[in-house]
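See structure below.
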Protein chains: 2
Amino acid sequence: MKDLLRPDLSFRLNGRLWIEGPTDRFMGIGRLELLQHVHALGSISKAAKAMDMSYKRAWDLVNSLNQQARQPLVSTQTGGSRGGGAVVTAEGQQLVREFEAMQARFEAFLAAETQRLAE
Amino acid sequence: MKDLLRPDLSFRLNGRLWIEGPTDRFMGIGRLELLQHVHALGSISKAAKAMDMSYKRAWDLVNSLNQQARQPLVSTQTGGSRGGGAVVTAEGQQLVREFEAMQARFEAFLAAETQRLAE
DNA sequence: TCTCGTTATATTTCCACAAACATAACGAAG
DNA sequence: CTTCGTTATGTTTGTGGAAATATAACGAGA
């Protein structure tokens, strides 16, 4: 394979993995990172800021996740002394763990295929 | 996992695989199908028509492939009684075979992960 | 030398989607 | 009853990339 490619350019194998519903995407690497940030920071707005994403976009993603899940994956609270916040529920944490694992296996697959390409 | 999803909606795992260069994408499932059509039909314009793609887009993709390859993957000819045409070179055919194989292994991976999701 | 189907290439138009912007509601605490 | 940071939601603006449009060149064959 590599003998087909221009030797003065560097190429790499890449890929994406996601779970899609009838209308919307359900889960992907971006949503995974968002959930991880929400879990770590306790708020959608802080997570958005940390990821350099607009709050609206982050909220829309969380909303899409919750709409497609049997039970809320992120539970939110408005108002209060600290303005409110968001927590990743037990179900959300389960999703994070399982998708992380799948993503890790995918990256192993990519690494193996990359190896194959070099031969 | 499936216990997290709304039971009234149908979800499926999906993914994409591609080889990227420094500036452009080099290879992916779309380019694979284009090469297969060019090989079968002997012309970029017929391949484009068959795929319901504009000729310009198809030509741009072929051009991108050729630019990034050490040797032409698609060889073209203008003019002549039939107007010209395009053939997938031996190198192009090798690329098709290798990417097909990789894509098949990826689909096997997806199937295995899909199995895992259902449990 | 005219035709025809194709390759080759530039320019313009269009549009889906993201980003940006705006505003209301919420509720604990002081 | 005001403040503050957050959630919640609608509207407007911007833009990258695809699609559409246009045109030239090519060369075998009639």
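We use all heavy atoms of the structure for the numbers below, so side chains are in, but hydrogens, waters and symmetry mates are not. Here is how names work: the chains are called A, B, and so on, in the same order as the sequence lines, proteins then strands, and each is numbered from 1. All values reported here derive from a predicted model rather than from experimental measurement.
Two residues are said to be in side-chain contact when any heavy atoms from C-beta on lie closer than 4.5 Å; B:Leu17 and B:Ile29 fail this criterion. Looking only at side-chain heavy atoms (C-beta outward), B:Pro7 and A:Arg70 come within less than 4.5 Å of each other. B:Leu13 places a side-chain heavy atom less than 4.5 Å from the side chain of A:Met102.
Separation of atoms OG1 (B:Thr114) and CD1 (A:Ile19) is listed at 9.0 Å; rounding is to 0.5 Å. Here the straight-line distance linking atom CG of A:Leu32 with atom NE2 of A:His37 works out to 10.5 Å at 0.5 Å rounding.
Cluster membership check: B:Trp18 does not share its hydrophobic cluster with A:Leu4, using side-chain heavy-atom separations under 4.5 Å among Ile, Leu, Val, Met, Phe, Trp and Tyr. A:Leu41 and A:Met53 end up in different hydrophobic clusters when Ile, Leu, Val, Met, Phe, Trp and Tyr side chains are linked at under 4.5 Å. Clustering ILVMFWY residues whenever any of their side-chain heavy atoms sit less than 4.5 angstrom apart, transitively, puts B:Leu73 in a cluster other than the one holding B:Val87.
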Hey, mind stepping through A:Phe106 and B:Phe106 against ring pair (Phe, Tyr, Trp, His ring centres under 6.0 Å) and telling me if it holds?
CA-CA 9 Å; A:Phe106 180 49; B:Phe106 180 49; 5.7 Å; yes
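Nearest-nucleotide positions on DNA chain D place A:Gly83 closer to the 5' end than the other of A:Asn63 and A:Gly83.
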Can you tabulate the close N/O pairs, meaning under 3.5 Å, that link protein atoms to atoms of nucleotides 28-30 of chain C?
residue: C:dA28; atom: O4'; partner: A:Ser81; partner atom: N; Å: 3.2

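Of the residues in residues 30-44 of chain B, those lying under 4.0 Å from DNA chain C by heavy-atom distance are B:Ser43, B:Ile44.
For A:Gln103 and A:Glu107, the side-chain atoms include at least one donor-acceptor pair closer than 3.5 Å.
OP1 or OP2 of C:dA8 sits under 4.0 Å from a side-chain N or O of B:Thr76. Within the 4.0 Å cut-off from OP1 or OP2 of C:dA8, at least one side-chain nitrogen or oxygen of B:Trp59 is found.
In the 5' to 3' direction, nucleotides of DNA chain D lying under 4.0 Å from heavy atoms of chain A begin and end at D:dG5 to D:dT11.
Under the side-chain hydrogen bond (donor to acceptor under 3.5 Å, both in side chains) criterion, A:Arg31 pairs with A:Ser64, not counting sequence neighbours. B:Arg105 pairs by the side-chain hydrogen bond (donor to acceptor under 3.5 Å, both in side chains) definition with A:Glu113, not counting sequence neighbours.
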Quick tally for nucleotides 15-24 of chain C: nucleotides whose base has a protein heavy atom under 4.0 Å get B, sugar-phosphate-only ones S, the rest -, giving ----SB----
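More than 12 heavy atoms of other residues, nucleotides or ligands shown are found within 6.0 angstrom of CD on A:Glu98.
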